[in-house]
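Just so you know, these numbers use all the heavy atoms, side chains as well, and skip hydrogens, waters and symmetry mates.
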Amino acid sequence: MNEIGIEYLNIYGGSMALDQRALATARERDPERVVNDFLIQARSLNPTWEDTVTMAANAAMPLLDFVKREDIGLLVVGTEGSVDFGKPISSNVHSALELPSNVRNFETKFACYSGIAALETAINWVASGRNRGKKALVISSDFSRMHLNMMEEFVLGGLAAAAIVGNDPGVFALDDGIRGTWTSDVYDTFRPSARHEVGNNEVSLYTYMDALEGAWADYLEQNRVDFDRDFEYLLYHTPFPGMAFQAHRTVCNLVERRKKSEVRDDFDRRVLPGLRVAQQVGSTYGASNFAGLVSLLGGQSPPGAGSRIGLFAYGSGAVGEFYSGTIGEQAADRVGQMRIDEKLAARRSIDVPAYEEIEKRRTSHIEAPDITPDFDLPPQLFEEHYRGSGRLVLRSVENFYRNYERA
Amino acid sequence: MTKEEVIEVIKRNIVENLDDVEADSIDPTKSMKEYGANSLDMIEVVSTSMRELNIKIPRSELAELGNIDELADKFMEYINKG
């Protein structure tokens, strides 16, 4: 059987975290209500020497301990936070990872769908046979803009995910060719400049549900599954983890109308375990489905080999895709060796005044021709979390030329 | 179906999806938000009402509506289209 999918998988949640309760208190909101509504405990936060390039490279580097560089033939990086309108961040990542010169690389864009667009491209490349036995490296890397004192401030964050895609999917094999797709030209959430991340929350929530219904219907046309019986877990795209409950309620009621309490029980069993990472990093953007897989596989009782997972990817603008796959034989071992929980727990906790200062400083760097990151903001973070680690950092920007190096 | 009947369907779904709201206390000139609905609750009320009325409206058309009465008008538009 010609299985195609994810051979290795890692995520990178940065080096700092902001506690959601502390933020709620600072904004004079009820901390418990904020945590319960959005299901976020903490968001990830970047120092000024990290961007979508460094996050992407830092997610991918550990995978290269297991896969030879010369076995990689394609690098696709999905992002809605590129640092350049022409030069793709995949080119920066390609050099940072020291990949061979004949690795084709490019960037994909479709808001939060960019990571799955990258994955689909890689899957199809492998399926075509034109990969000549090589593997693809797929990366999704995104980070929030600044929204101090705004309604959106409770649903921010960022994450990078990296996956090796090939013919030996020890982590996750995608069901071959079955994709339920739905699209619509809408302005729900968008980034019209390098500084802005704007939109209408209600339009976005409504469009998400339209996309989910449309994609699910299209999926069912191709694969007559029993929703309640055939999926051990469901991973819905999470602009914030609380959204997954509504997504699950929508599909459950499409299958058969049921009470909210019944949906809640099923959500706790089949959806909540996949939100573990998102609850620690906030918005996961294009890395959402990857974060869901990592949450399941790195958890207390990871799904066994052959377990079928249903996934929904969504990108504002808008596109939705429902697809599925099965857990591979080496999944829990391979994800476990990335020590993801340990690394998330090791992030430095940042207080609200420091968070505000860092965010203002980062925003001042956007589109600036010359930048020297402040490696003392916050104090000692660089020394304790970066120096000697081999992580990629932005050293400087000189007349728009970005200089990266390994710390 | 009359607009009054449509409003009754919406009210029933508000009661089913929100805590501590009684149908008789719901004023259609108000927004669901005034009865404690968050954005996700509103989506669910709209979804279940559309299913019950057997109509399908792109939800993006519904995001800008201000109150329950306007929602009923939008539903009537689609009911009359058949």
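Looking at A/Asn200, the atoms closer than 4.5 Å to chain B (heavy atoms on both sides) all sit in the side chain, from C-beta outward. Within the 4.5 angstrom heavy-atom criterion, only side-chain atoms of B/Glu16, from C-beta onward, approach chain A.
For the atom pair CG of A/Asp210 and CD of B/Glu61, the computed distance is 9.5 Å after rounding to the nearest 0.5 Å. With rounding to the nearest 0.5 angstrom, the CE atom of B/Met42 is 4.0 Å from the CD atom of A/Glu202. Taking CZ from A/Phe240 and CG from B/Leu40, the interatomic distance works out to 5.0 Å, rounded to the nearest 0.5 Å. Separating the CG atom in B/Asp41 from the NZ atom in A/Lys260 is a distance of 5.5 Å, to the nearest 0.5 Å.
Between A/Asn201 and B/Ser39, the closest side-chain pair of non-hydrogen atoms is not below 4.5 Å. Under the 4.5 Å side-chain criterion, counting only non-hydrogen atoms from C-beta, B/Ile43 is not in contact with A/Tyr208. Using a 4.5 Å heavy-atom cutoff, the side chains of A/Arg257 and B/Thr48 are in contact.
With 3.5 Å as the limit, one finds no donor-acceptor pair spanning the side chains of A/Arg33 and B/Asn38. In this structure, a donor-acceptor pair under 3.5 Å is present between the side chains of A/Asn253 and B/Glu44.
Few gaps surround CG on A/Asn36; more than 12 heavy atoms of other groups in view lie less than 6.0 Å from it. By the 6.0 Å contact criterion, NZ on B/Lys33 is open, its count of non-hydrogen atoms from other residues, nucleotides or ligands being 12 or less. Annotation for A/Arg29: atom CZ does not count as buried by contact number, only 12 or fewer foreign heavy atoms lying within 6.0 Å. Counting non-hydrogen atoms of neighbouring residues, nucleotides and ligands closer than 6.0 angstrom, the CG atom of B/Asn54 reaches no more than 12 such neighbours. Other residues, nucleotides and ligands place more than 12 heavy atoms under 6.0 Å from the CZ atom of A/Phe190.
Between A/Glu213 and B/Lys56 there is a salt bridge, since at least one side-chain N of the basic residue sits less than 4.0 Å from a carboxylate O of the acidic one.
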